[in-house]
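Inspection log for the structure reproduced underneath, given as structure tokens.
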Amino acid sequence: VQLQASGGGLVQPGGSLRLSCATSRSTLSRYAIGWFRQAPGEEREGLACISSGNGRTYYEESAKGRFTISVDNAKSTVYLQMNRLKPEDTAVYFCATDRWADYCRAYGPIAADFGSWGQGTLVTVSS
């Protein structure tokens with residue numbers, strides 16, 4: 001299982017970015033996909049999860065209202081649209097597969113439940 005996150009960069013406060021997580025059709029059919037971020041000196045934080053099979057999503061409070069997770073099954077890609085970005089959103093963003101489940105867990109995405117971490121992509125929100 002391989003994932004590759006991309007789309008990070010430098011953006012001004014209030015701006016938007018769309019991150020992409022490229023994977024395979026088989027991975028999407030077997031596992032839920034989560035987006036996480038990790039700021040310097042901080043633990044890895046779960047943001048959102050999606051089950052491609054039924055399209056159900058889960059958002060942590062920090063992502064609700066500003067971030068949207070989606071999947072394009074034809075492209076085997078999961079996206080994280082981030083709007084109204086704030087300086088505190090600065091972090092390395094990762095996507096990963098749930099270790100066992102093809103659905104998003106009721107308590108949300110936590111790093112211990114996920115594996116097959118792709119290489120992260122750096123998002124910097126600064127003026």
Side-chain angles (χ1 to χ4, degrees):
V1 176
Q2 289 187 335
L3 296 92
Q4 179 65 50
S6 62
L10 174 64
V11 62
Q12 291 187 343
S16 299
L17 277 177
R18 188 178 76 161
L19 305 183
S20 300
C21 176
T23 181
S24 67
R25 183 177 300 178
S26 63
T27 296
L28 285 180
S29 68
R30 294 179 183 179
Y31 308 106
I33 304 295
W35 278 102
F36 296 77
R37 67 185 179 188
Q38 188 166 20
E42 302 289 334
E43 293 187 355
R44 195 162 293 186
E45 174 192 16
L47 296 171
C49 172
I50 189 165
S51 169
S52 66
N54 57 21
R56 290 185 177 176
T57 58
Y58 182 99
Y59 294 93
E60 294 290 355
E61 285 299 320
S62 58
K64 284 181 180 178
R66 297 190 299 127
F67 296 178
T68 303
I69 190 171
S70 62
V71 61
D72 185 332
N73 285 303
K75 295 181 178 179
S76 299
T77 299
V78 175
Y79 301 99
L80 185 69
Q81 176 69 43
M82 306 188 296
N83 299 325
R84 302 194 304 278
L85 284 162
K86 307 173 183 179
E88 50 264 44
D89 294 318
T90 295
V92 178
Y93 285 69
F94 300 87
C95 56
T97 64
D98 190 288
R99 292 184 185 273
W100 305 283
D102 62 354
Y103 55 89
C104 296
R105 300 166 190 269
Y107 51 77
I110 61 172
D113 289 333
F114 283 74
S116 299
W117 295 92
Q119 184 176 356
T121 185
L122 176 63
V123 172
T124 303
V125 184
S126 176
S127 55

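All of these numbers come straight from a predicted model, not from anything done at the bench. Throughout, numbering of the chain's residues begins at 1 and tracks the sequence.
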Which side-chain N or O atoms in residues 120-127 pair as donor and acceptor under 3.5 Å with protein atoms at least two apart or in another chain?
| from | atom 1 | to | atom 2 | distance (Å) |
| --- | --- | --- | --- | --- |
| T121 | OG1 | G8 | N | 2.9 |

For the student: nearest non-hydrogen atoms of C95 and A5, plus distance: SG-CB, 4.0 Å

Mind listing the closest non-hydrogen atom pair of A22 and T77 along with its distance? CA-OG1, 4.2 Å

Which residues pass the salt bridge (Lys or Arg N to Asp or Glu O under 4.0 Å) test with K64, not counting sequence neighbours? E61

Around atom CZ of R99, are there more than 12 heavy atoms from other residues, nucleotides or ligands closer than 6.0 Å? yes

Scan the side chains in residues 43-50 for donor-acceptor partners under 3.5 Å anywhere in the protein, sequence neighbours excluded, and list what turns up.
| from | atom 1 | to | atom 2 | distance (Å) |
| --- | --- | --- | --- | --- |
| R44 | NE | Q38 | OE1 | 3.1 |
| R44 | NH2 | Q38 | OE1 | 3.1 |
| E45 | OE1 | R37 | NE | 2.8 |
| E45 | OE1 | R37 | NH2 | 3.4 |
| E45 | OE2 | S62 | OG | 2.9 |

Could you state whether F94 and V71 fall into the same hydrophobic cluster, counting links through intermediate Ile, Leu, Val, Met, Phe, Trp or Tyr residues with side-chain heavy atoms under 4.5 angstrom apart? no

Work out which heavy atom in I33 is nearest to a heavy atom in I69; give both atom names and the distance. O-CD1, 4.0 Å

Determine which pairs satisfy ring-ring contact (aromatic ring centres under 6.0 Å, His included) with at least one residue from residues 105-126, sequence neighbours left out, and list them in order. F36-F114, F36-W117

Could you check whether atom CD of Q119 has more than 12 heavy atoms from other residues, nucleotides or ligands sitting under 6.0 Å from it? no

On a heavy-atom basis, the closest approach of Y93 and A91 is CD1-O, 3.3 Å

Quick check for you: to the nearest 0.5 Å, what is the distance between Y103 atom OH and N54 atom CG? 11.5 Å

Path from Y79 to L3 over hydrophobic side-chain contacts below 4.5 Å: no

Taking only residues two or more places apart in sequence or in another chain, which ones pass salt bridge (Lys or Arg N to Asp or Glu O under 4.0 Å) with R105? D98, D113

Between side-chain atoms of residues 9-21 and protein atoms elsewhere (two or more places apart, or another chain), which donor-acceptor pairs fall under 3.5 Å?
| from | atom 1 | to | atom 2 | distance (Å) |
| --- | --- | --- | --- | --- |
| S16 | OG | N83 | OD1 | 2.9 |

If I compare all heavy atoms of C104 with all of S51, which pair ends up nearest, and what's the gap? SG-N, 3.7 Å

Return the minimal non-hydrogen interatomic distance between F67 and D89, and the atom names on each side. CZ-OD1, 4.0 Å

Can you tell me if CZ on R30 sees more than 12 non-hydrogen neighbours from other groups inside 6.0 Å? no

